[in-house]
Participant: 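Take a look at the following structure, please.
What you are looking at is a predicted structure, and each value in this text was computed from that prediction instead of being measured.
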Amino acid sequence: MAEKALPRLTRLLGIMTYVQDEGEAPFADLAAKFDVSVETIRKDINALWASGLPGYAGGDLIDFDSYLYDQDVAAIIDSQGVTQVRLSTREGVALVGALASMIASGAAPAVATSARDKIGEMLGADDPVVVQPVADVDHEITGSLQDAVTRGRVVDVEYVDAADHRTARTIEPHRLVAIDGVAYVECFCRRAQDYRTLRIGRIVGVEVRDEEVVAPPADASGFTLVSQFEATVVAARGSRWVLEDLPGVQIEDVGDDVRATFDVVDVDWVADRLLAIAPYLRTVEPESVRAALAQHADAVLATVAG
């Protein structure tokens, strides 16, 4: 399976930083540090050697010592500023806040904590931003899911919904995200035969298979974090298990019902989820969500009638 772009980009930037800090780095040392083969390091150095600033003329490219390269040693002559990152105080605080939110949610990789601490030191504050965890997450489960995402492996999970119903699912995980301090895994669920955003705090068991992921990540529905507007749904309490899977949802009890407030990224994706609990719905706001829900219901009825 071809290596994904994000892990390689992370390694390339890591190689640049490591070589600049050390001055010279044998390929074998880099291979051991980044847990790849010497041949992979050689390909990475070649890729970096052809990278640089827009224009890509000779003086715009990252440059390595060619004599040492022939001896399987990396030494940077000109980094083109690739490893130099300058943050304003506002940018630094915003970045620390984002990292703190991910860490509190349990969705952050281990390196996020050291990154947050280093940026905090540069800002001159031990805790420039403090985020209170909103849910307990088993870090072994998070670690297994992150490992599966990195290696592109299928995962068997046990999932408990808000009504305490336990289900066994086989998922193809694509990434972990933190939304409003809550950790989720974005995945393709083979049980539902559709894309799902599962709350990691409700996953009680994980077994990573040696089977490769085949479903590509969803390119839109429910997987972007840019909200269009806020929606409010009042439904019978028995539907809570579906509503709790909506990213960033806030739920409160209203008598025998529940009121769910959440941001809408893709109205069709939301309508598709609400259709599963249509008999439980009391009110749906705003009108655009009601219209999309009606359209989806009509499509289902037309299919059945046909």
Participant: Report the C-alpha separation of Asp44 and Arg11 in whole Å, then their side-chain angles, then the decisive distance to 0.1 Å, and conclude whether the salt bridge (Lys or Arg N to Asp or Glu O under 4.0 Å) test is met.
Facilitator: CA-CA 9 Å; Asp44 287 343; Arg11 187 175 65 248; 2.6 Å; yes
Participant: I want to check something: taking the side chain as every heavy atom from C-beta on, are Glu39 and Phe27 in contact at a cut-off of under 4.5 Å?
Facilitator: no
Participant: With hydrophobic residues grouped by side-chain heavy-atom distances under 4.5 Å, do Ile45 and Val73 end up in a single group?
Facilitator: no
Participant: Report yes or no: does Asp253 contribute a side-chain atom to a donor-acceptor pair with the main-chain N or O of Gly255 at less than 3.5 Å?
Facilitator: no
Participant: Backbone N or O of Arg151 within a donor-acceptor pair of the Arg153 side chain at under 3.5 Å?
Facilitator: yes
Participant: Measure across Ala236 and Arg282 and return the closest heavy-atom pair with its distance rounded to 0.1 Å.
Facilitator: CB-NH2, 3.4 Å
Participant: Under the side-chain contact (heavy atoms from CB on, under 4.5 Å) rule, what do Glu285 and Val234 come out as? Steps first, then yes or no, please.
Facilitator: CA-CA 9 Å; Glu285 298 291 344; Val234 176; over 6 Å; no
Participant: Going by heavy atoms in the side chains, are Leu198 and Tyr184 under 4.5 Å from each other?
Facilitator: no
Participant: Looking only at non-hydrogen atoms, find the nearest pair between Thr232 and Thr261 and report the distance.
Facilitator: OG1-OG1, 3.8 Å
Participant: Looking at every heavy atom in both Val155 and Pro173, which two are closest together, and how far apart are they?
Facilitator: CG2-CG, 3.9 Å
Participant: Roughly how far, to the nearest 0.5 Å, is CZ of Phe34 from CG of Asp29?
Facilitator: 11.0 Å
Participant: Is the number of heavy atoms from other residues, nucleotides or ligands under 6.0 Å of Gln71 CD greater than 12?
Facilitator: yes
Participant: Which atom names give the shortest non-hydrogen contact between Val157 and Ile203, and what distance separates them?
Facilitator: CB-CG2, 4.0 Å
Participant: Is a side-chain N or O of Glu186 found less than 3.5 angstrom from the main chain of Thr197, in a donor-acceptor match?
Facilitator: no
Participant: Taking the side chain from Arg290 and the backbone from Val284, do they hold a donor-acceptor pair closer than 3.5 Å?
Facilitator: yes
Participant: State whether the side chain of Asn46 and the backbone N or O of Arg42 hold a donor-acceptor pair below 3.5 Å, judged by distance alone.
Facilitator: yes
Participant: Please say whether more than 12 non-hydrogen atoms of neighbouring residues, nucleotides or ligands are located less than 6.0 Å from CD in Glu158.
Facilitator: yes
Participant: Give a yes or no on whether the backbone of Arg273 and the side-chain of His296 come within a donor-acceptor separation of less than 3.5 Å.
Facilitator: no
Participant: Around atom CG of Asp35, are there more than 12 heavy atoms from other residues, nucleotides or ligands closer than 6.0 Å?
Facilitator: no
Participant: Would a 4.5 Å heavy-atom cut-off, applied to side chains only, mark Ile277 and Leu243 as touching?
Facilitator: yes
Participant: Look at the side-chain heavy atoms of Ile, Leu, Val, Met, Phe, Trp and Tyr, link any pair under 4.5 Å apart, and say whether Val249 and Leu293 land in one connected group.
Facilitator: yes
Participant: What's the separation between atom CZ in Phe64 and atom CH2 in Trp49, rounded to the nearest 0.5 Å?
Facilitator: 7.5 Å
Participant: Treating Ile, Leu, Val, Met, Phe, Trp and Tyr as nodes and any side-chain heavy-atom pair under 4.5 angstrom as an edge, say whether Ile251 and Val254 lie in one connected cluster.
Facilitator: no
Participant: Compare all side-chain heavy atoms of Thr167 with those of Arg191 and state whether any distance is below 4.5 angstrom.
Facilitator: yes
Participant: How long is the span from the CG atom in Asp156 to the CD atom in Glu211, to the nearest 0.5 Å?
Facilitator: 8.5 Å
Participant: So, Tyr18 versus Glu22: side-chain donor-acceptor pair below 3.5 Å or not?
Facilitator: no
Participant: Any chance you could measure Ser37, atom OG, to Leu30, atom CG, to the nearest 0.5 Å?
Facilitator: 12.0 Å
Participant: Which atom pair, heavy atoms only, marks the closest approach of Phe229 to Ser288?
Facilitator: CZ-OG, 3.5 Å
Participant: Looking at Ser239 and Ala235, would you say the former's side chain and the latter's main chain have a donor-acceptor pair under 3.5 Å?
Facilitator: no
Participant: Could you state the interatomic distance from CD1 (Ile77) to CG (Asp63), rounded to the nearest 0.5 Å?
Facilitator: 4.5 Å
Participant: With distance as the sole test, does Thr40 use its side chain to make a donor-acceptor pair with the main-chain N or O of Val36 at under 3.5 Å?
Facilitator: no
Participant: Taking the side chain as every heavy atom from C-beta outward, state whether Asp194 and Cys189 have any pair of such atoms under 4.5 Å apart.
Facilitator: no
Participant: Does Phe262 form a side-chain contact (heavy atoms from CB on, under 4.5 Å) with Val270? I'd like the steps, not just the answer.
Facilitator: CA-CA 10 Å; Phe262 52 93; Val270 170; 3.7 Å; yes
Participant: Please check if atom CG in Asp256 has more than 12 non-hydrogen atoms from other residues, nucleotides or ligands closer than 6.0 Å.
Facilitator: no
Participant: With side chains defined as the heavy atoms from C-beta onward, is the minimum distance between Leu48 and Met16 less than 4.5 Å?
Facilitator: yes
Participant: Checking the side chain of Glu172 only, and the main-chain atoms of Val214 only, is there a donor and an acceptor separated by less than 3.5 Å?
Facilitator: yes
Participant: Does some side-chain heavy atom of Leu145 sit less than 4.5 Å from a side-chain heavy atom of Ile200?
Facilitator: yes
Participant: Test side-chain contact (heavy atoms from CB on, under 4.5 Å) on Glu24 and Leu68 and set out the steps.
Facilitator: CA-CA 9 Å; Glu24 296 179 4; Leu68 291 176; 3.6 Å; yes
Participant: Supply the atom-to-atom distance Leu246 CG to Arg199 CZ, rounded to the nearest 0.5 angstrom.
Facilitator: 11.5 Å
Participant: Are Arg237 and Asp257 within salt-bridge range, i.e. N to O under 4.0 Å?
Facilitator: no
Participant: Determine, stepwise, if the pair Asp298 / Gln295 fulfils side-chain contact (heavy atoms from CB on, under 4.5 Å).
Facilitator: CA-CA 5 Å; Asp298 289 341; Gln295 185 176 21; 5.7 Å; no
Participant: Give the minimum heavy-atom separation between Val19 and Ile76, together with the two atoms involved.
Facilitator: CG1-CG1, 3.7 Å
Participant: Examine Tyr195 together with Phe188 and report whether their ring centres are nearer than 6.0 Å.
Facilitator: yes
Participant: Measure the shortest side-chain to side-chain distance between Arg202 and Glu244 over non-hydrogen atoms and say whether it is less than 4.5 angstrom.
Facilitator: yes
